[in-house]
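Since the structure is predicted, the reported quantities are computational estimates derived from the model, not experimental observations.
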Amino acid sequence: MKIGYYPGCSLESSAKEYDRATRLVARHLGIQLYDLNDWNCCGATAAHSTDHFLAAALPARNLMIAEEMGLNVTVPCAACYQRLRLAHRELTENEATAREIAELLGRPYQGKVRIYSLLETIAGIGLDQLAAQVVRPLKELKVACYYGCLLVRPPGTGCDDPENPRLMDELLLAAKAEVLDWGYKNECCGASLVFSERRLALRLIRNILRNAVDAGATSIACACPLCQTNLDTRQGQVNKEFGTSFAIPIFYFPQLLGLAMGLYPQDLGLGKHFIDPQRAIKAVGG
Amino acid sequence: MPRIGVFVCWCGSNIGGVLDCPAIAQEAASFPGVVYSTEYKYVCSDPGQKLIVDAVKEHRLERVVVASCSPRLHEETFRQVLRRSGLNPYFFEMANLREHCSWVHPDTTVREQAQRKAVDLVRRAVAKAARLEPLFPGKIPVVRRCLVIGGGIAGIQTALDVADAGLEVLLVEREPTIGGNMVKLDKTFPTLDCSACISTPKMVAVAQHPNIRLYTYAQVEEVTGYIGNFKARIRQKARYVDHSKCNGCGTCWTRCPVTVPDDFNLGLGERGAIYIPFPQAVPNKPVIDLEHCRRSTRGKCGACAKLCPTGAIDYEQKDEFVDVEVGAIIVATGYGLFPWEKVYGEYGYGRFRDVITGLMFERMVNASGPTGGKIQRPSSGKEPKTVVFIQCVGSRDEARGKEYCSRFCCMYTAKHAHQILEKIPGSEVYVFYIDVRTFGKGYEEFYRRVRDEGAVYIRGRVSKVYQDGSKLIVRGADTLLGEQVEIAADMVVLATGAVPAAGAADVARMIGIPQDKDGFFQEAHPKLRPVETHTGGVYLAGTCQGPKDIPDTVSQASGAAAKVCGLLLRDELETNPLVSKVNEALCTGCLACQPVCPYRAIQPVTITERLPGQPPRERVVARVNEGLCQGCGACTVACRAGAIDLKGFTNKQLIAEVDALCL
Amino acid sequence: MILLGGKNATEKDSVGAVVRASGHATLLHCYQCGKCTAGCPLAFGMDYNPNQIIRLLQLGRMKQVLGSRAIWICAGCWTCTTRCPCSIDIARVMDSLRVIARREGQTAQGRDVASFNDLFLQSVRRYGRVFELSVVLGLNVRRRRLFHDADLGRFMLARGKLRFTAEKIKGVKEVRRLFSRQGAPVRTRKERVKE
């Protein structure tokens, strides 16, 4: 299967391991990822909080590139995914905006590109297919799948049920992990608010970690670089602020899939986490 | 001693979950007279009923006791079972193990006591059952005519429905026209139908119906008799216009030199001393308001008499009385508005002219009203740009108003808000509310539409309205924001709640209908008998029973009509045999029983007594009218001689019950 | 004290702007059930709850809304929009409010959020992609807290998760053209002079 790949800015720096694991797992599953040529930033929260036009225009350029390449797009980052979906909607529904962007970029967008989250793309090969690739079942892994906000909201652009998303659960079930039902799978981690209103964001992160641990989780799986970074790297700050002692590893879901397929932990970027996932990896025999 | 059978019901887990029913049945078997005793999951069910029928046959039972729920629920059910078993239906007694025991003693710590109480309740029922006597309902003939009191939309609808069924109807209305409050309204929510357009055809239909006799400007003054056989006296107030001569040409009312504030328009317009309330009035003939007529106040004028082409004016006319016999009465006396001027000083006690009521707004916005449909400030005649609505004025106010919700105000206010936004471009509408109640079909959608049109709803009650120059300052709060709000308004419209119509208490006393704590007429059962009263043959329609909107009023009116048809289309009625009976041999004729009877069922009669060896002598005794008696038993208590017994609850039976419980 | 009626209702126009910018005419639908606030993960940190923001807009209290901290605390999680029974896109209303507040220079309550957004977009404008280090450091400089989150920085550095150099994408000129639109938020000094 061929599909365009839009990694987004984070996957080039703070979430390198997400990028690495995604490419490895995709190759292993026979999904051919084609990086969009010379893609640009989607604008993220900064754009839609500042200017409605930019919020549509920045992702639009990427959609045009994909259209020129004749590919649909898969997006690993939840924020990028939502921005691309919303921009696609704006461009196909709002003629004035579409025209203005087309004029500025010197080409139109036909609206042919379909945008998928990485979850959908991997699930798209079939759960049986995936299960057949599992050589190291994640039996000992009690994992809480964390979806956050932008993969599932607002309705209409989300890739799963906004109130009880199941895609990641299904994928990890196929890898024989023990997935948990828990209440905070679609709560907000604070996203970029952590940079400007850290204390508020830490409270949200604390709540998510607490709920996962209370549900019996020994690890959390994510599908968003900002979610992972917030939940992983901020655990020290959370513990300091609230007197807690969280030390729960936060994985990108393709890292776990990769483990189950027998890929090397180091290749999956598992050495790059703030909370050392060694114990969890050992538990599954990695 | 008659042969008694006892049937203990589990009522599923309602009784069976708390009490040990087999143990109760077992113990009951040892009570005097009991020859058969059993228990079953649901005695009221089909197999349960069959259990009784079979046992009566097999064990030759003569009395039946069912220990289950309240007699209000299933007494009649089981009486029918007895009838089917070939027993007199009144050879039946019930012990209430559910409402009187298992439901009120669910606590496991009092299980034992509850069980003992249950056994005692059954013991009591058995003791009474042993002393039951056969009772037989009597028959009374029925007058196939119905009296409807009140000519608003409820009275109109119910009169038309009864008349359409082929029964004769007398419709009595105290105002000069029928139509009531509904005909004063401009449009009806949520469909925005013109109120007059949908109600005046019905008014005309009433006037033209061959089965309806219409009495306007008339009042029912006295009601006697009982179900199927009432007598009523109607006072036809003097109109000072002979309606048999008048042709409604209108010369008199257009030329009357007197001007009086117009009560139909709630004082927003004026009328003459001779007038019709509004152009589509039914009948379309005038009356003279003698209090304001110049001929009566100054002794000279007589313009109307001089101008009348048919010589219909008759200043000497007197009130007349009509006595009628009817089989049923439908009361449809309607509602009035809460007298806010007397209570709410913070809204100005009625002294600010631009603070008006919802009904005044209806007249104002009505094309045939005093302003020709123009919304204007009463103070200046100018169009208001900022209008504030205050909901729940008099409603939901335990301290100074009424505790209840008047139900229709939320919706009429929403409609008014819509009308202002529609008719006055650039206007601002603010609605202060506590909760918005949109209970009917299409109501919530209408409320949403009005908000979309720009009506700003503010959750909070207004604390004060005061005049500031030409503006009214409305001081409230937005409780959702937790902030005070002050609005400079041009007009304030109060959603005054509904109260029973003036004179409702007199009607209640005259007919013998209980009133609830707020003065509305009490229905026989709030859910299952909403149009009946506790007085046989008397029914309720519309807002006299409680605030309701037009659809509910019309539904209830048709419901009452159906009840009346069900009653009057029979040849004769079965009377309830559970009534009081005077033992004339013991009665001393003191008549202490007469004033305690709420149904006026007791009258003195003179009897001729023949005692052996003495000359016959006449004496007065009390006699119960079985058609009127509702079996309340008040007279039996008042009777010092012990001469009155309530059938089915005789002194002998009651004492046996007390003995069974206490000895 | 909220004053309404006649001349007090002059702010209505600017609320209309929010309604329009939000692509919805449904703001007036809101019956204040509070479900948005109930589900808002950040309501605890707001001066006005989300439902109160909508309420103030219904009352035409634009200044009060633009001066609130709540609009900057909103993280854009879309929970409110997802669950609103009146189909109001509250998250987008919040976006619109931030856009207007920034345009009108009313960012006092959300200086850090606005700075972050500015720095982020500047980076995108300059390179075509965001250069994370410059955004974070820029924010620290603006806040005069140079070593804020320094521990995290050290960690990221050690794991090779921070890039030190930014690379421009080839089509950066195209990206800049998107920023060149009249009234665009991030402008060069030259553009500002021209305007």
Side-chain angles (χ1 to χ4, degrees), chain A residues 9-10 12-17 38-41 43-55 57-58 60-61 82 94 100-101 104-106 148-150 152-155 162-163 186-188 190-193 195-201 203-204 207 233-234 236-237 271-274, chain C residues 21 41-42 44-45 72-73 75-79 81-82 89 91 95-96 98-99 102 110 112-121 123-124 127-133 135-136 139 148-149 151-152 155-156 159-163 169-172 174-175 177-181 183-186:
Chain A
C9 305
S10 303
E12 294 212 310
S13 54
S14 59
K16 267 184 179 160
E17 65 269 38
D38 199 41
W39 55 269
N40 61 273
C41 171
T45 310
H48 72 75
S49 287
T50 310
D51 186 65
H52 290 309
F53 178 77
L54 268 184
L58 286 170
R61 182 174 171 273
Q82 191 215 34
N94 188 338
E100 198 174 348
I101 293 171
L104 286 171
L105 295 177
C149 311
L150 307 180
V152 292
R153 288 189 292 263
E163 302 300 351
N186 59 345
E187 290 289 321
C188 176
S192 60
L193 204 66
F195 299 114
S196 42
E197 298 282 351
R198 190 168 79 183
R199 288 175 65 100
L200 299 181
R203 193 152 140 183
L204 305 194
N207 293 346
T233 65
R234 302 281 168 177
Q237 291 175 356
K272 289 190 180 296
H273 291 225
F274 189 86
Chain C
L42 282 156
F44 71 91
W72 301 104
I73 299 293
C77 74
W78 264 271
T79 304
T81 299
T82 305
D89 193 343
D95 263 352
S96 302
R98 284 187 287 264
V99 169
R102 199 187 166 289
D112 289 351
V113 177
S115 296
F116 175 84
N117 292 344
D118 282 359
L119 289 163
F120 190 102
L121 290 178
S123 178
V124 175
Y127 307 114
R129 293 181 192 167
V130 68
F131 177 37
E132 287 175 345
L133 189 64
V135 175
V136 175
L139 194 62
H148 190 73
D149 282 343
D151 50 338
L152 287 185
F155 161 77
M156 303 289 259
R159 296 290 197 281
K161 289 179 138 194
L162 275 184
R163 290 171 69 137
I169 64 165
K170 291 194 204 98
V172 72
E174 284 187 348
V175 172
R177 238 180 280 150
L178 297 174
F179 280 85
S180 69
R181 190 168 164 266
V186 182

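In this structure, the side chain of C:N117 does not engage the main chain of A:T50 through any donor-acceptor pair within 3.5 Å. Using modelled atom types, one side-chain atom of C:R129 and one backbone atom of A:W39 make a donor-acceptor pair closer than 3.5 Å.
Using a 4.5 Å cut-off between heavy atoms, C:F131 makes no contact with chain A at all. Proximity to chain A (any heavy atom under 4.5 Å) is restricted, for C:D151, to the side chain, taken from C-beta onward. Only the side chain of C:L152 comes within contact range of chain A, judged by heavy atoms closer than 4.5 Å. In this structure, the portion of A:L193 lying under 4.5 Å from any heavy atom of chain C is its side chain and not its backbone. Only the side chain of C:V124 comes within less than 4.5 Å of a heavy atom of chain A; its backbone N, CA, C and O stay farther away. A:P154 touches chain C through backbone and side chain together, each having a heavy atom under 4.5 Å away. When heavy atoms are compared at a cutoff of 4.5 Å, A:Q237 approaches chain C solely by way of its side chain, counted from C-beta outward. With a 4.5 Å cut-off on non-hydrogen atoms, A:K272 touches chain C through its backbone and its side chain both. For chain A, the nearby part of C:V136 is the side chain; its heavy atoms alone come within less than 4.5 Å. Contact annotation for A:R198: only side-chain heavy atoms (C-beta onward) come within less than 4.5 Å of a heavy atom of chain C. With a 4.5 angstrom heavy-atom cutoff, C:L119 does not touch chain A via any of its atoms. With a threshold of 4.5 angstrom between heavy atoms, A:L150 approaches chain C through side-chain atoms but not through N, CA, C or O.
Considering all non-hydrogen atoms of both residues, C:F116 and A:F195 come closest at CE1-CD1, 3.3 Å. What you find for C:T82 and A:P162 is that their closest heavy atoms are CG2-CB, 3.8 Å. Nearest heavy-atom pair, A:E187 versus C:P41, reported as atom, atom and distance to 0.1 Å: OE1-CB, 4.3 Å. Of all the heavy atoms in A:G271 and C:R159, the pair that sits closest is O-NE, 3.0 Å. Shown here for C:R177 and A:L105, the closest heavy-atom pair between the two residues is NH1-CA, 4.0 Å. Annotation for C:F120 and A:G43: closest pair CE2-O, 3.6 Å, computed over non-hydrogen atoms.
From C:I169, atom CD1 reaches atom CG of A:D38 across 4.5 Å, with rounding to the nearest 0.5 Å. Rounded to the nearest 0.5 angstrom, C:F44 CZ and A:L204 CG are separated by 5.0 Å. Put simply, CG on C:L121 and CG on A:L58 are 7.5 Å apart, with the number rounded to the nearest 0.5 Å. Going from atom CZ of C:R98 over to atom NE2 of A:H52 covers 9.5 Å, rounded to the nearest 0.5 Å. For the atom pair A:S196 OG and C:W72 CH2, the distance stands at 10.0 Å (nearest 0.5 Å).
A donor-acceptor contact closer than 3.5 angstrom is absent between the side chains of A:S13 and C:R163.
Inter-residue side-chain proximity for A:C41 and C:Y127 is flagged as unmet; no heavy-atom pair is nearer than 4.5 Å. The closest side-chain heavy-atom distance from C:T81 to A:R153 is not below 4.5 Å.
Ranking A:H273, A:K16, A:R199 against chain C, the residue ahead of the rest is A:H273, based on heavy-atom pairs under 4.5 Å.
Listed by chain and number, the residues in a side-chain hydrogen bond (donor to acceptor under 3.5 Å, both in side chains) with A:S14 are C:E132 (sequence neighbours excluded). With sequence neighbours excluded, the residues forming a side-chain hydrogen bond (donor to acceptor under 3.5 Å, both in side chains) with A:E100 are C:R181, listed by chain and number.
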